Amino acid sequence: MSYVDEVYNYVVEKNPAQPEFHQAVREVLDSLRVVIEANEEEYRKEALLERLVTPERVILFRIPWVDDKGQVQVNNGFRVQFNSAIGPYKGGLRFHPSVNLGIIKFLGFEQIFKNSLTGLPIGGGKGGSDFDPKGKSDREVMAFCQSFMTELYRHIGADTDVPAGDIGVGGREIGYLFGQYKRIRDTYEGVLTGKGLTYGGSLARTEATGYGLLYLTNALLKANGMDIKGKTIAVSGAGNVAIYAIQKAQQLGAKPVTCSDSTGWIYDPEGIDVALLKEVKEVKRARLSEYAAARSSAEYHEKKNGEHGVWTIKCDIALPCATQNELDLEDAKALVANGVTAVCEGANMPTTIDATEYFQKNKVLFVGGKAANAGGVATSALEMSQNSERLHWTFEEVDSKLQGIMENIFANIDSAAKKYGQEGNYVAGANIAGFLKVAEAMKAQGVV
Ligand code: NDP
Ligand code: 2IT
């Protein structure tokens, strides 16, 4: 059996009931075959792949907190410190009821390669909780965040592990987490990114993932002889990534016509009104039905099981920006039948493996999340730089660095794909380019 297949079987055996983690590993290992086969003996002897798929450290903890009725609640907390070969662990925290160890491991594993692709010195990690911030008062969210940090603080630090936001963790949560860390440690340091602008945050971090996604999409289209101007875009999600993807798409002259949340989706043929979307989702924290109620051009569709939502809308470009496995084979077929030319992942692993293969077979330009959504974590690394030098850069400075980083990522994944005989396969290009740097650093540092 090949080393790649052996290690995949090892992962399935050692990590039962973690399908998302298996899926993330499968996708990476499959595209590394050509590299692994060329170095099989050396990698096998050093157990390089076994080390790569095994987190350096996993922290599981209890989070007790008191709700507004005086009732004690208990949630599960996770931090997976996956790989620190090229820098301190870096990656977001997700608060969502679906969070479990397998989900955090898939996210932490992907983060290793994504962070490597940014070209910046950051290792891979991820964390979170099955806590649901939806419907909670600010005081309840604060109580939860303080309890979460009361355990997490001992495992993180500006040069050790630097968490940030992800689903369910935005500016409000980062503020509460930072306050509690500072209080316990009595140290003012850049231990989290995505901070507010008054206490060490970076300009453009809020916008970075969505903007970066569009900078990359733009570079992809240009390299393939197309222009983003005038293109119709289907976006899913209505959170941090989706909102700023929609905003940048409009700035580049494209027309995003959809968005979605966990309860329903919007089709707005005149183009999404970003100011209204921000008011509904960022300020009121309300459902998308309120968007439709305030805008006559918009149709609202309640989410139904088995229904295919935004992917049934005819578009040139699809940008999944909500969550894992939200775009399946049937969705891919509908998009291809409607003439989609490019799909770039704003979310982490939103496309199932069979849907990805269907796009690739049908010559749709496809860029996975490790490359396409790396702008968020890249700008987090820029926030770390600013914290270290105790200076703030202007919005334009950060934004132009972000644009440069995304264009660089595209150039690197494109040339890695070509170099390894898989021209146009940007998934393979990203996995290979991300892997090579980490593997080199792991080899240099010996058996650790
Ligand atoms: P947010 O919490 O801001 O928004 C998530 C959006 O997706 C919301 O609209 C939410 O709906 C919807 N959503 C989440 N889970 C589900 C679900 N199970 N079914 C349907 N809809 C769902 O998160 P982000 O925008 O930050 O994250 C979106 C994706 O992007 C995630 O995959 C994340 O890992 C990834 N990502 C985020 C980065 C960042 O910097 N924030 C960086 C790189 C990747 P509702 O409003 O109803 O909750
Ligand atoms: O998935 C991701 O890259 C993020 N949620 C952002 C991580 C970060 O450290 O900014």
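Each ligand, and each atom within it, is numbered from 1 in the order the structure gives. Heavy atoms only: backbone and side chains are in, while hydrogens, waters and symmetry mates are out. All values derive from a computational prediction rather than experimental measurement. Numbers here simply count residues along the sequence, with the first being 1.
Put simply, the side chain of T351 reaches to within 4.5 Å of the side chain of F366, judged on heavy atoms. Using a 4.5 Å cut-off on side-chain heavy atoms (C-beta onward), V80 and F21 make no contact.
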Test log, rule ring pair (Phe, Tyr, Trp, His ring centres under 6.0 Å), inputs F109 and F82: CA-CA 7 Å; F109 183 70; F82 223 117; 5.7 Å; yes

Stepwise side-chain hydrogen bond (donor to acceptor under 3.5 Å, both in side chains) test for D328 and W311: CA-CA 10 Å; D328 65 14; W311 312 128; over 6 Å; no

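Shown are K195, H392, R205; of these, the side chain to side chain donor-acceptor pair (under 3.5 Å) with E383 is made only by K195. Here the rule is side-chain contact (heavy atoms from CB on, under 4.5 Å) with P163, and of L93, V169, L177 only L93 fits it.
Near ligand 1, heavy-atom contacts under 4.0 Å come from R94, H96, K114, K134, D166, I167, G168, R205, T209, G237, A238, G239, N240, V241, S260, D261, S262, K281, K303, C321, A322, T323, G346, A347, N348, N373. Contact residues for ligand 2 (protein heavy atom closer than 4.0 angstrom to any ligand atom): K90, G91, G92, Q111, K114, K126, A164, G165, D166, R205, N348, G376, V377, S380.
Side-chain N/O atoms of S262 and K134 include a donor and acceptor closer than 3.5 Å.
Aromatic ring orientation, F148 versus F61: tilted (interplanar angle from 30° to 60°).
Less than 6.0 angstrom separates the ring centroid of Y426 from the ring centroid of F410.
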